[in-house]
Participant: 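One structure follows; several queries about it will come next.
Hydrogens, waters and symmetry mates play no part in the numbers below; they use all other heavy atoms, side chains included. Letters A, B, ... mirror the listed sequences (proteins, then strands); counts begin at 1.
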There are 2 protein chains.
Amino acid sequence: MEETLTARDRKVLQAIIMDYIQSAEPVGSRTVSKKYKIELSPATIRNVMADLEEMGFLRQPHTSAGRVPTDRAFRFYVDSILEVRRLNKIDQDRIKSGLEHEKMDINEMMKRASSLLSLLSKQTGVVLAPRFGSNVFKHIEFIKLRENKILVIIVSKLGEVQNKLIESDEHMSQDELDKYSRYLNEIMGGLSLVEAKRKIMEEMKKEKVLFDKLMYRALQLSQKALEDEGEGDLYIEGKTNIIQSPEFADVEKMRILLLAFEEKTKLVKLLDKALAVQGIQIFIGVENEFNEMKDCTVVAAPYSRENFTLGTLGVIGPTRMDYSSIIPIVDYTAKILGKILKNMNG
Amino acid sequence: MEETLTARDRKVLQAIIMDYIQSAEPVGSRTVSKKYKIELSPATIRNVMADLEEMGFLRQPHTSAGRVPTDRAFRFYVDSILEVRRLNKIDQDRIKSGLEHEKMDINEMMKRASSLLSLLSKQTGVVLAPRFGSNVFKHIEFIKLRENKILVIIVSKLGEVQNKLIESDEHMSQDELDKYSRYLNEIMGGLSLVEAKRKIMEEMKKEKVLFDKLMYRALQLSQKALEDEGEGDLYIEGKTNIIQSPEFADVEKMRILLLAFEEKTKLVKLLDKALAVQGIQIFIGVENEFNEMKDCTVVAAPYSRENFTLGTLGVIGPTRMDYSSIIPIVDYTAKILGKILKNMNG
DNA sequence: ATTAGCACTCTTATACGTAGAGTGCTAAAG
DNA sequence: CTTTAGCACTCTACGTATAAGAGTGCTAAT
């Protein structure tokens with residue numbers, strides 16, 4: 001049963017997939033033989049289709065309907081049939097000019113990237129912002145808000161700003177806090193935030209620090225500020241695009257999906273997986289391990305400065321999405337975003 | 001034709017509205033006479049209904065269906081029939097305990113409030129955060145990111161953090177920038193941001209400043225940082241609740257509404273209108289001047305510290321929402337949020 | 001190995017008839 | 001004069017029947 005596909009099988013499968021991608025309707029043998037240049041009669045095609053169905057690449061919604069590609073078919077298509085072309089110039093320019101605005105801060109940039117992905121793919125665009133911890137430390141500041149509530153502001157070299165409210169056990173004046181931040185800015189300058197964290201741990205162990213109250217308190221505060229860095233921010237744009245797809249005409253299906261979007265944590269997890277790997281990652285249908293997304297495909301790519309991966313971006317759409325055009329969009333956007341962030345980092 | 005309603009008319013109207021609120025289906029004369037204690041026969045009710053229809057309070061989807069209340073009917077109901085009770089203890093507690101966490105920063109607080117509104121009302125909750133400009137200035141900081149890009153961070157007394165990327169024409173060192181921020185922190189301390197803005201304009205006109213390069217540059221930078229403060233942030237939670245309502249079963253209707261949510265600017269405008277007025281504001285159906293929301297009602301209330309209005313919060317749902325329970329929820333949440341922010345402001 | 005031919009299956013669209021909900025009107029009752 | 005019972009009428013919703021069309025699987029011929 002687990003035979004390999006002949007050249008002919010592949011051709012037929014490809015035709016079915018391509019037709020289904022644009023029609024969203026079961027594809028019949030006549031259509032395949034007529035619309036796609038396969039010099040075979042419908043009858044022969046039917047035989048091939050029966051084989052493909054047995055192998056799990058196609059299924060029939062009901063006895064006398066055409067065939068619909070399964071997740072497995074899309075997986076095979078993406079892996080073995082599809083040849084990804086490079087993105088056309090026009091879209092390249094739109095992405096470039098959309099992101100290369102000088103005066104954009106990093107939040108805007110992420111949002112913009114997500115919008116662009118959505119716009120060009122006509123699906124939903126997502127961008128997972130760099131984990132704050134992966135950035136180069138730039139500046140820390142303590143601001144006393146009231147009694148023992150202290151607002152800590154940490155800025156990365158990219159200009160990301162993270163703020164957090166912490167409590168101190170002891171009373172501290174603003175002057176004192178200013179001293180702390182000056183001291184910390186000095187010892188953490190130029191380090192990545194992860195390194196900075198480690199450095200603080202080390203420093204705290206040193207004997208001389210234990211006797212210097214100022215230093216000790218400063219380190220204590222910064223430790224509080226750096227602990228449990230939240231997960232990276234997720235930007236989602238174009239949620240409504242997905243509603244247009246006929247596969248989500250069912251209100252309940254759509255509600256479940258939108259709920260998943262609203263929750264974000266699951267999406268973050270999914271995109272996190274793409275972080276670890278170089279290059280485009282595609283999760284098709286049930287491969288998504290989240291039931292809510294079993295009718296969706298996620299095309300994701302990490303974007304990185306130099307060799308260090310910063311975050312992930314991608315497109316979410318029905319499994320029936322137009323892979324041949326979406327993959328290059330995701331790929332190119334990731335490259336450009338990486339390049340821009342690299343420049344921003346000096 | 002523009003007669004006033006008799007007591008009986010009102011009773012019937014109320015019955016129809018109440019039934020429609022919970023059934024979402026046209027209400028017939030039999031139902032009114034049976035389910036609601038009106039000692040009249042269906043025939044009489046029908047006469048009354050005919051009158052009410054003529055006056056624009058009811059309409060018939062088709063000849064032989066029951067009646068559906070119009071926007072006007074809901075308006076009348078809200079203004080003249082409904083008596084708002086106070087929120088029950090249980091929900092009061094949920095709101096209080098949901099918002100009174102000591103360690104929450106202001107962003108979390110807004111999000112939480114929005115979630116609570118959504119949860120308790122079973123509709124969509126919105127919170128328009130305080131306009132940044134309306135806050136008391138606490139701290140300003142300039143951080144040089146690269147070449148002539150400077151990140152400005154402004155903190156309000158409530159602990160809101162706003163950051164903005166600006167460009168300087170001339171080269172400035174970080175030391176220089178630190179001097180500027182020290183100077184500015186001094187002259188703007190304790191002012192509201194609006195006042196601070198004005199102050200800066202004044203200062204810049206003073207002659208002595210013109211000759212003190214340091215001061216002048218500092219003022220110039222801060223002016224850039226304070227100009228065109230964005231509109232207040234909008235927090236929307238529970239968008240998917242609205243999908244459940246049968247009136248949005250139509251996919252296209254829903255898409256339009258979700259698009260409006262995604263765009264936010266229109267919603268901000270709407271909520272802004274409620275800013276100006278004291279107390280609960282209700283926009284029913286077409287009163288919303290935004291076509292996208294013509295099937296929705298927005299129940300909004302400003303929340304304020306002392307007598308100064310900070311922002312607005314509310315609930316969005318179908319015009320058929322349960323006003324009697326939602327109004328107290330919005331009202332109470334606004335009060336609690338105002339109180340907490342007042343405390344936070346010292 | 002391929003294909004023409006054909007019977008068969010299932011969906012979809014259309015029409016039709018009926019049940020039920022609800023109305024409006026009229027005439028009788030209070 | 002107000003209320004109500006009664007009844008004919010209207011419109012929707014729903015189920016059934018029917019026909020058209022799409023597509024299949026199988027068989028037999030090429």
Side-chain angles (χ1 to χ4, degrees), chain A residues 3-13 15-20 22-70 73 246-247 249-250, chain B residues 3 5-13 15-17 19-20 22-70 73 246-247 249-250:
Chain A
E3 323 160 41
T4 51
L5 297 185
T6 68
R8 195 170 68 180
D9 292 343
R10 296 167 49 126
K11 251 191 185 164
V12 172
L13 186 56
I16 293 173
I17 290 176
M18 285 171 62
D19 202 76
Y20 184 69
Q22 67 116 356
S23 75
E25 240 139 61
V27 186
S29 56
R30 220 182 88 89
T31 313
V32 172
S33 119
K34 203 182 53 178
K35 252 171 62 180
Y36 301 85
K37 287 168 198 155
I38 300 180
E39 54 327 328
L40 290 172
S41 72
T44 315
I45 305 275
R46 281 203 285 280
N47 287 327
V48 176
M49 282 162 104
D51 292 348
L52 288 170
E53 180 162 3
E54 227 171 78
M55 287 186 267
F57 290 109
L58 299 177
R59 63 183 182 80
Q60 266 183 304
H62 52 86
T63 335
S64 79
R67 299 312 206 284
V68 172
T70 59
E247 32 267 275
D250 176 16
Chain B
E3 323 159 42
L5 297 185
T6 67
R8 193 170 70 181
D9 293 341
R10 295 167 50 128
K11 251 190 183 164
V12 171
L13 185 56
I16 293 173
I17 289 176
D19 202 73
Y20 184 69
Q22 68 116 354
S23 75
E25 242 140 60
V27 185
S29 56
R30 220 181 89 89
T31 313
V32 172
S33 117
K34 202 183 53 179
K35 252 170 63 180
Y36 301 85
K37 288 170 197 150
I38 299 179
E39 59 320 335
L40 290 172
S41 74
T44 313
I45 305 275
R46 281 203 286 281
N47 288 326
V48 176
M49 282 163 106
D51 293 347
L52 288 169
E53 179 164 4
E54 228 172 78
M55 290 187 265
F57 290 109
L58 298 176
R59 64 185 182 78
Q60 266 183 306
H62 53 85
T63 334
S64 79
R67 300 311 208 283
V68 172
T70 60
E247 32 267 277
D250 175 17

Participant: Could you identify which residues of residues 41-48 of chain A place a heavy atom less than 4.0 Å from some atom of DNA chain C, listed by residue number, or say none?
Facilitator: A:Ser41, A:Ala43, A:Thr44, A:Arg46, A:Asn47
Participant: With a 3.5 Å cut-off and just heavy-atom distances, do the side chain of B:Ser64 and the base of D:dT10 make a donor-acceptor pair?
Facilitator: yes
Participant: For the pair made of NE2 in A:His62 and C1' in C:dT11, what is the distance, rounded to whole Å?
Facilitator: 5 Å
Participant: Looking at side-chain heavy atoms only, is the closest gap between A:Val32 and A:Asp19 below 4.5 Å?
Facilitator: no
Participant: Between D:dG25 atom P and A:Leu58 atom CG, what is the distance in whole Å?
Facilitator: 11 Å
Participant: Whole-Å distance between D:dA22 P and A:Met49 CE?
Facilitator: 15 Å
Participant: What nucleotide among D:dG25, C:dC10, D:dT10 has an atom nearest to a side-chain atom of B:Thr63?
Facilitator: D:dT10
Participant: Write down the distance between CG (A:Leu40) and C1' (C:dT3), rounded to a whole number of angstrom.
Facilitator: 10 Å
Participant: What's the CD-C1' distance between B:Gln60 and D:dT10, to the nearest Å?
Facilitator: 10 Å
Participant: In whole Å, I'd like the distance from the CZ atom of A:Arg67 to the C1' atom of C:dT9.
Facilitator: 13 Å
Participant: Between B:Asp9 and B:Thr6, is any side-chain donor less than 3.5 angstrom from a side-chain acceptor?
Facilitator: yes
Participant: What pairs with A:Arg59 under side chain to side chain contact (heavy atoms under 4.5 Å, CB included), at least two apart in sequence or on another chain?
Facilitator: A:Val68, A:Thr70
Participant: With the threshold set at under 4.0 Å for non-hydrogen atoms, list the residues of residues 22-35 of chain A touching DNA chain D in residue-number order.
Facilitator: A:Gly28, A:Ser29
